[in-house]
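Take a look at the structure set out below.
All of these numbers come straight from a predicted model, not from anything done at the bench. Chain naming here is simple, since letters A, B, ... match the order of the sequence lines and numbering starts at 1 in each.
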2 protein chains.
Amino acid sequence: MTTERQTTAPTAAQRIVLVDDHAIVRHGLRSILERESDLEVVGEASTAAEAAAVVERTHPSIVLLDLKLSTGADTEGLELCARLTERHPGLAVLVLTTFLDDSLVVEAIRHGARGYVVKDVDTTELLRSIRAVARNESAFDSHAAAAMVRSMRVQPEQPRFTEREVRVLKLLARGLSNRDIGAELYISETTVKFHVRNIMRKMDVGSRAEVVYEASKMGVI
Amino acid sequence: MTTERQTTAPTAAQRIVLVDDHAIVRHGLRSILERESDLEVVGEASTAAEAAAVVERTHPSIVLLDLKLSTGADTEGLELCARLTERHPGLAVLVLTTFLDDSLVVEAIRHGARGYVVKDVDTTELLRSIRAVARNESAFDSHAAAAMVRSMRVQPEQPRFTEREVRVLKLLARGLSNRDIGAELYISETTVKFHVRNIMRKMDVGSRAEVVYEASKMGVI
DNA sequence: GGTCTCCCCGTCCGAATGGACAGGTGCCGC
DNA sequence: GCGGCACCTGTCCATTCGGACGGGGAGACC
């Protein structure tokens, strides 16, 4: 267990594909990995579609994946992660991303990722993580691990809103009056008050100003 | 003007220092720049203090600077930028950062930066930008340029609040009622209404819910 | 002294809000 | 069909809020 972790492994080198929309980062990773004799970069991709094709062609054992691809939606990276791990069960996907979002860590794991490392890490820790996922282990840097722990905690369960309530909430969060919301949604002011009351009940707050505050914390705005 | 932009310049190579807290990014930049005969990386730094020392020692002509250094505060990168350009008037600082913040573009320029490029750019555009700032020109990628234009527009000048109004605004932004704000600040509810009215007048809004919305946009919360 | 800003406090009133009660409609699953 | 859910609408009432008037005091600046 201790001896098998030598840099110059007797087995074949790990075949790695880099997926990142930043050319700079891809270059950086390549130059870091090229110095390691047990690691070999066999492909690069900057988009999800490209990544799928490259993996199909090169059959790597490891994919270093930045969830944040050019489109801006994290979901694209997550879906790519799911697709890759489904089609290639043995494939180790190590998420390597810039920012740390608690929910994103969990989502990444749910979508088949084997590790999560932020780009802040130094090269030795990065290499350690790569070799860990290559051995079918998991790898998290300390920040990502903390995020995992946080998201494990049972939270005061975010209230669920109906479709209509969400529409009202968004307008309410922008400071509109009941009358204006009604005009916007083509419903009576009375109905707006009905929804606002339900929203406040679900949020457990006592004024519309508080609703706006909570909504801003939730990112509704 | 067209002929002098050849890659293999007859003059001495540009001496470049990389400042970025991400080792991966530094490696990437180095590997990109090392292929160019007119560009030479003479130093790297991951912190502001380190950067100041390296620049002092190596006397580069160009600094590629990521404003976001490890501490998390953008101000550190800005201050470093100001310090470098003050002490070395000829030095060209090209800000190379991950995310685009309209105000940050302007601030960077104010602090002496000669260009602003997000890391999304491909290598050719990055090299073009580097060579531009080396020629005492400016360089902005399209996104940063758009941010500049946006921030050029005369804005409805953010209202200035008195100290007392700020206190009230913060509590108001958390959804508290006038009575509760009064209790919190040991003043009468009437006085709170006085301040709230002034706040709403300055913000040009008509309800406290709107105040909360605006405050959340302003980052008061 | 005069002027200014900021802060404090009051009254009065119309409008908006918070909260309760009592309905009606349409859709879905059992 | 029947219950449950989401959605819509109404009335009634107490409280709060928004906005208008008024006033006073402390400190800074000229």
Quiz item: Under a 4.5 Å cut-off applied to non-hydrogen side-chain atoms, are Leu169(B) and Phe161(B) in contact?
Solution: yes
Quiz item: Is it true that Lys202(B) and Glu165(B) have a side-chain N and a carboxylate O under 4.0 angstrom from each other?
Solution: yes
Quiz prompt | Asp66(B) and Val25(B), any side-chain heavy atoms less than 4.5 Å apart | solution = no
Quiz prompt | Over 12 foreign heavy atoms within 6.0 Å of CZ, Arg15(A) | solution = yes
Quiz prompt | Check: Thr58(A) side chain, Val54(A) main-chain N or O, donor-acceptor pair, under 3.5 Å | solution = yes
Quiz item: So, Glu50(A) and Ser46(A): side-chain donor and acceptor under 3.5 Å apart, yes or no?
Solution: yes
Quiz item: Does anyone know the first and last nucleotide of DNA chain C in reach of chain A, 5' to 3', at under 4.0 angstrom to a heavy atom?
Solution: dA16(C) to dC21(C)
Practice problem: Quick one, give me the B/S/- string for nucleotides 4-10 of chain D, reading 5' to 3', where B means a protein heavy atom under 4.0 Å from the base and S means that only happens at the primed atoms, P, OP1 or OP2. | Solution: --SSBBB
Quiz item: Does Arg26(A) reach the main-chain N or O of Asp20(A) with its side chain, forming a donor-acceptor pair under 3.5 Å?
Solution: yes
Practice problem: Only pairs at least two apart or in different chains count here, so list each side-chain hydrogen bond (donor to acceptor under 3.5 Å, both in side chains) that has a residue in residues 175-187 of chain A. | Solution: Ser177(A)-Asp180(A), Asn178(A)-Arg208(A)
Quiz prompt | DNA chain D-proximal residues of residues 176-184 of chain B, any heavy atom under 4.0 Å | solution = Ser177(B), Asn178(B), Arg179(B)
Practice problem: Evaluate the side-chain proximity of Leu172(A) to His195(A): yes if any heavy-atom separation is below 4.5 Å, no if none is. | Solution: no
Quiz item: In degrees, rounded to 10°, what is the bend between the two ends of the helix from dG1(C)-dC30(D) to dC30(C)-dG1(D), using five pairs at each?
Solution: 40°
Quiz item: Among pairs that include at least one residue of residues 78-96 of chain B, which meet side-chain hydrogen bond (donor to acceptor under 3.5 Å, both in side chains), considering only residues two or more places apart or in two chains?
Solution: Glu56(B)-Arg87(B)
Quiz item: Going from CD1 on Ile187(A) to NZ on Lys193(A), what distance comes out if it is rounded to the nearest 0.5 angstrom?
Solution: 13.0 Å
Practice problem: Indicate yes or no for a side-chain donor-acceptor contact from Arg114(A) to the backbone of Leu94(A) under 3.5 Å, with no hydrogens or angles considered. | Solution: no
Exercise. Would you mind reading off the distance between Arg208(B) atom CZ and dT15(D) atom P, rounded to a whole angstrom?
Key: 18 Å
